[in-house]
Amino acid sequence: MEKDLGNGKAFIYEEEDKACAYAMQLSLSCALYTVLNAAVELGLLDIIKTLGGGNGTITAAAVAAQLTAKDPDASAKIDRMLRLLASYSLLNCSTCQLEGGTVERAYEIAPAGEFFLKNRETGSLASIVTLGCYPANWQVGCGTGLSEMIVEGGDMYDKANGMSLYQSMSKDQTLNTIFNSAMAGLTIITMKKILENYRGFEGLTSLVDVAGGNGASLNMIVSKYPSIKGINFDAPNVIKHAPSYSGIYIH
């Protein structure tokens with residue numbers, strides 16, 4: 001589609017411009033993950049949600065004040081981070097006029113951003129982001145070695161770390177904790193929807209969840225169908241950290 005600017009010579013090829021803008025966005029997409037991970041680590045979305053009370057907007061300066069940051073430029077840096085998250089519809093951005101007439105941007109949580117709150121009762125994706133940016137996973141997540149793996153075969157994680165993910169988890173308790181938290185958060189989101197629509201658990205008396213992690217999925221099922229005896233079956237390094245749930249046996 002062409003748009004005549006009026007001088008008979010210059011044209012804007014709108015479709016090409018859109019394609020170019022999208023291509024540029026993709027080429028720098030790692031910036032989103034980096035910023036989102038930092039926002040999760042700093043709890044920026046949680047601060048905005050708490051200070052805003054769910055309905056109010058918060059400036060970057062107000063967020064920075066909650067971090068007691070020593071960097072005098074922290075507010076400006078946080079504002080740039082929040083602007084990026086707003087461009088991906090994780091936050092809503094507006095402007096507000098402060099005392100003295102200064103105009104600043106203000107932010108509130110958007111529906112998609114709610115899923116990255118750390119303590120969201122109905123499931124959170126915050127730990128998924130942390131897991132993806134964990135040093136042992138970062139190279140794999142960035143696709144380092146993917147082309148080599150396609151040509152020569154093998155596993156990307158093994159090539160990058162010299163062992164499998166599950167071997168790493170058995171040796172690195174921090175990684176193990178993050179992984180289990182990530183799986184639990186994702187499980188709560190998906191299992192909630194399954195239990196709202198699926199009736200296949202009705203009438204069961206026992207149910208084994210193989211590789212059940214910390215038991216979050218099985219606990220949701222047994223809580224809705226208390227007649228079911230649940231058995232959470234997983235590796236020793238996983239189940240030793242699994243919480244105790246009523247009606248669930250760990251094996």
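In this text, all values refer to a predicted model and were calculated from it rather than measured experimentally. We use all heavy atoms of the structure for the numbers below, so side chains are in, but hydrogens, waters and symmetry mates are not.
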Pairwise ring-ring contact (aromatic ring centres under 6.0 Å, His included) hits with a residue in residues 153-193, at least two apart
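Listed once each, the pairs would be none.
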Scan for ring-ring contact (aromatic ring centres under 6.0 Å, His included) pairs involving residues 64-106, sequence neighbours excluded, and state none if there are none.
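Found none.
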With heavy-atom distances below 4.5 Å as the criterion, would you say the side chains of [X] and [Y] are in contact?
| X | Y | value |
| --- | --- | --- |
| Met81 | Leu44 | yes |
| Thr205 | Ser227 | no |
| Leu45 | Leu85 | yes |
| Thr57 | Tyr107 | no |

Any chance you could lay out the salt bridge (charged side-chain N to carboxylate O under 4.0 Å, His left out) test for Lys49 and Glu108, step after step, and finish with the verdict?
CA-CA 7 Å; Lys49 178 73 172 181; Glu108 64 179 347; over 6 Å; no
In Å, rounded to the nearest 0.5 Å, how long is the span from [atom1] of [X] to [atom2] of [Y]?
| X | Y | atom1 | atom2 | answer |
| --- | --- | --- | --- | --- |
| Lys192 | Asn197 | NZ | CG | 10.0 Å |
| Met156 | Ser147 | CE | OG | 9.0 Å |
| Phe116 | Ile128 | CZ | CD1 | 9.5 Å |

Is it possible for you to say whether Leu42 and Ile58 belong to one hydrophobic cluster, with membership spreading through side-chain heavy-atom contacts below 4.5 Å?
yes
Sidechain-backbone polar pair: [X] side chain, [Y] backbone, donor-acceptor under 3.5 Å:
| X | Y | result |
| --- | --- | --- |
| Asp209 | Asn232 | no |
| Asp172 | Leu175 | yes |
| Asp158 | Gly154 | no |
| Gln66 | Val63 | no |
| Thr190 | Thr187 | yes |

Give me the other members of the hydrophobic cluster that [X] sits in, counting Ile, Leu, Val, Met, Phe, Trp and Tyr linked by side-chain heavy atoms under 4.5 Å, directly or via other members.
| X | result |
| --- | --- |
| Leu207 | Ile188, Met191, Ile194, Leu195, Tyr198, Phe201, Leu204, Leu218, Met220, Ile221, Val222, Tyr225, Ile228, Tyr245, Ile248 |
| Val151 | none |
| Val103 | none |

Restricting to non-hydrogen atoms, name the atom on [X] and the atom on [Y] that form the minimum distance, rounded to 0.1 Å.
| X | Y | answer |
| --- | --- | --- |
| Ala61 | Glu104 | CB-OE1, 4.4 Å |
| Arg120 | Glu114 | CD-O, 3.0 Å |
| Asn214 | Ala184 | ND2-CB, 3.4 Å |
| Asp46 | Asn119 | OD2-N, 4.3 Å |
| Ala74 | Ala69 | CB-CB, 3.6 Å |

May I ask you to check whether over 12 heavy atoms, not counting those of Glu121, lie within 6.0 Å of atom CD?
no
Can you establish whether the number of heavy atoms outside Arg80 located under 6.0 Å from its atom CZ is more than 12?
no
Quick one, Leu165 with Asp155, criterion side chain to side chain contact (heavy atoms under 4.5 Å, CB included). Give me CA distance, side-chain angles, the key distance, then yes/no.
CA-CA 10 Å; Leu165 171 61; Asp155 181 86; over 6 Å; no
Apply side chain to side chain contact (heavy atoms under 4.5 Å, CB included) to Ile109 and Leu90, showing your working.
CA-CA 7 Å; Ile109 297 290; Leu90 298 180; over 6 Å; no
Could you name each residue pair satisfying side chain to side chain donor-acceptor pair (under 3.5 Å) that touches residues 28-38, not counting sequence neighbours?
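Those involving residues 28-38 do not exist here.
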Considering only residues two or more places apart or on different chains, which pairs with a residue in residues 123-133 satisfy side chain to side chain donor-acceptor pair (under 3.5 Å)?
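As it turns out, the side chain to side chain donor-acceptor pair (under 3.5 Å) pairs with a partner in residues 123-133, which skip direct neighbours, are Ser127-Ser181.
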Test side-chain contact (heavy atoms from CB on, under 4.5 Å) applied to [X] - qualifying residues, sequence neighbours left out:
| X | answer |
| --- | --- |
| Thr68 | none |
| Asn176 | Met169, Gln173, Asn180, Asn237, Val238, His241 |
| Val210 | Val208, Phe233 |
| Ala60 | Ser75, Ile78, Asp79, Leu82 |

Residues in salt bridge (Lys or Arg N to Asp or Glu O under 4.0 Å) contact with Lys77, at least two apart in sequence or another chain:
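Residues passing salt bridge (Lys or Arg N to Asp or Glu O under 4.0 Å) with Lys77: Asp71.
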Side chain to side chain contact (heavy atoms under 4.5 Å, CB included) between Glu148 and Ile150, intermediate numbers included:
CA-CA 5 Å; Glu148 179 185 348; Ile150 291 174; over 6 Å; no
